[in-house]
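Numbered from 1 within each chain, the chains take letters A, B, ... in sequence-line order.
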Number of protein chains: 2
Amino acid sequence: MTDVVAEKPRRGRPPVSDEQRQRQRMDISRHAVRLFTEQGVAATSGEQIAQAAGVSERTFWRYFPHKESCVEPLLTKMVDAFCVVLLAWPPELELIDHLRETYSPLLDSATDEDIEAVLAVVRLTHGERALRAAYLMLRERAEDALAEVLAERMGKPRDTIDVRVQAAAMSAVLKVATDDVARASVAGITRSTLDGHREQIATALRGLSQML
Amino acid sequence: MTDVVAEKPRRGRPPVSDEQRQRQRMDISRHAVRLFTEQGVAATSGEQIAQAAGVSERTFWRYFPHKESCVEPLLTKMVDAFCVVLLAWPPELELIDHLRETYSPLLDSATDEDIEAVLAVVRLTHGERALRAAYLMLRERAEDALAEVLAERMGKPRDTIDVRVQAAAMSAVLKVATDDVARASVAGITRSTLDGHREQIATALRGLSQML
DNA sequence: GCGTTTGTTGGCACTCTCTGCCACTAATTG
DNA sequence: CAATTAGTGGCAGAGAGTGCCAACAAACGC
């Protein structure tokens, strides 16, 4: 018999769809981040987040194994979006042009509240140790994804040292630029700030590819 | 009156010297790392570490605000040592030569047990989330220090984007090389492994400076 | 409708991490 | 010796997270 299909007759209640689950996580995430920014991470209890999100504490801990991981949905959304943009970068195009074409509409599609929340988290990571750790682990995942993309683009295996180094360098560009725009948006975000952000990334990345 | 000196007559018991405190931390760290590698981080309680190190649990928590930070003394020792080597890098010398001159005696001066412990921690960071976070935050501190050195060397302010990028790139080299040597030393360390480590770093860094 | 099966939720008890507080001891000066 | 200052240990307690189980929800075949 083929274990490929396994032909389960499928009885009983079906599991909640993945996107449903993602939505739920994202919803809780937004509440958590709001509380984090208002009172700090340490002063916000799991019970409080659960209550704000309208679920029991027990279910909250099922959705998020650690309190700090509440920021993941929001942050991964940002990082993943950027990775998608990079993945779609056609070899013949200048990176800066590609960003202008693809990155800006992406930022427009996100709600201001979400962008604001993401930047708030980035600011928080500078003072809240627990958030910093979560942030760094996320960036590491993003760097791995970046390395994957670069490896394909350079036609080299994924774990070559120069692939990894270049991924790290690009990741550093994104990190610095993100920090800058987060700092610049303390008093609210503007179109020009975001545009400046995109241009800063593009310039730095171009400088980088000149170097490499 | 000058508030610069403040001339306190200094009564009562004097505070424990910094190096004394460092020694104590390092001692506890060693015990903790041993337990971590033997049973995993989650399965090792603060009480257990305290008992192994011969202090009360209360004092243990005073020395280490978080369980994972037990790995800091050992890891920072390694990272700091490398930063010192880099800081002493004379501009006229090839980096690889400088490493051969300075880095090897440094590795010789450390005890095999400590090196082994550091590598064990590095291996652990791949499976233990809490350790990974601590490790990444430490690497970040190291990267900042590196940026400081590079800034001086390049004659640019510390937060220039290319300084940060280059620091990130070099940090990535160290990270990859460290992971490699940790993986290669699962069954014990040898001189040739460490030598290979140094040469890998030197080669990659030279390649990097060619690129930049 | 019915019962059956499978998945999700919430409540409860529990362990472990980490903190505040206080009494006690240790080291130093006069 | 008393006075002063620092480090230590013990105890109680809040919060993080987990295992377990009963209750509920959504599918199925009848």
* To do: Indicate yes or no for a side-chain donor-acceptor contact from E143(B) to the backbone of S171(B) under 3.5 Å, with no hydrogens or angles considered.
  => no
* For R11(B) and dT29(C), give me the distance from atom CZ to atom P, rounded to whole Å. => 10 Å
* **Donor-acceptor under 3.5 Å (K77(B) side chain, V118(B) main chain)** => no
* **T111(A) side-chain N/O to D114(A) backbone N/O, donor-acceptor pair under 3.5 Å** => yes
* Starting at CG of L136(A), measure out to CG of L138(B) and round the result to the nearest 0.5 Å. => 11.0 Å
* Checking T160(A) side chain against V163(A) main chain: does a donor-acceptor pair fall under 3.5 Å? -> no
* Is there any ring-ring contact (aromatic ring centres under 6.0 Å, His included) pair reaching into residues 101-125 of chain A, and which pairs are they, with sequence neighbours excluded? -> F82(A)-Y103(A)
* Could you pull out all residues at least two apart from F64(B) that satisfy ring pair (Phe, Tyr, Trp, His ring centres under 6.0 Å)? => F60(B)
* To do: Would you mind listing every ring-ring contact (aromatic ring centres under 6.0 Å, His included) that reaches into residues 119-151 of chain B, with sequence neighbours excluded?
  => none
* Structure fact -> Under a 4.0 Å heavy-atom cutoff, the residues of residues 45-69 of chain A touching DNA chain D are S45(A), G46(A), R58(A), W61(A), P65(A), H66(A), K67(A)
* Where do R30(B) and E113(B) land on the salt bridge (charged side-chain N to carboxylate O under 4.0 Å, His left out) test, with the steps shown first? -> CA-CA 9 Å; R30(B) 282 190 250 260; E113(B) 282 76 27; over 6 Å; no
Please tabulate the protein-to-nucleotide N/O contacts below 3.5 Å involving nucleotides 24-26 of chain D, giving atom names and distances.
| unit_1 | atom_1 | unit_2 | atom_2 | d |
| --- | --- | --- | --- | --- |
| dA25(D) | O4' | R13(A) | NH1 | 3.4 |
| dA25(D) | N3 | R13(A) | NH1 | 3.4 |
| dA26(D) | N3 | R13(A) | N | 3.4 |

* To do: Return the residues of residues 15-42 of chain A meeting this criterion: a heavy atom under 4.0 Å from some atom of DNA chain D. Order them by number, or give none.
  => none
* Asked: Taking side chain as C-beta onward, heavy atoms only, is D144(A) less than 4.5 Å from R164(A)?
  -> yes
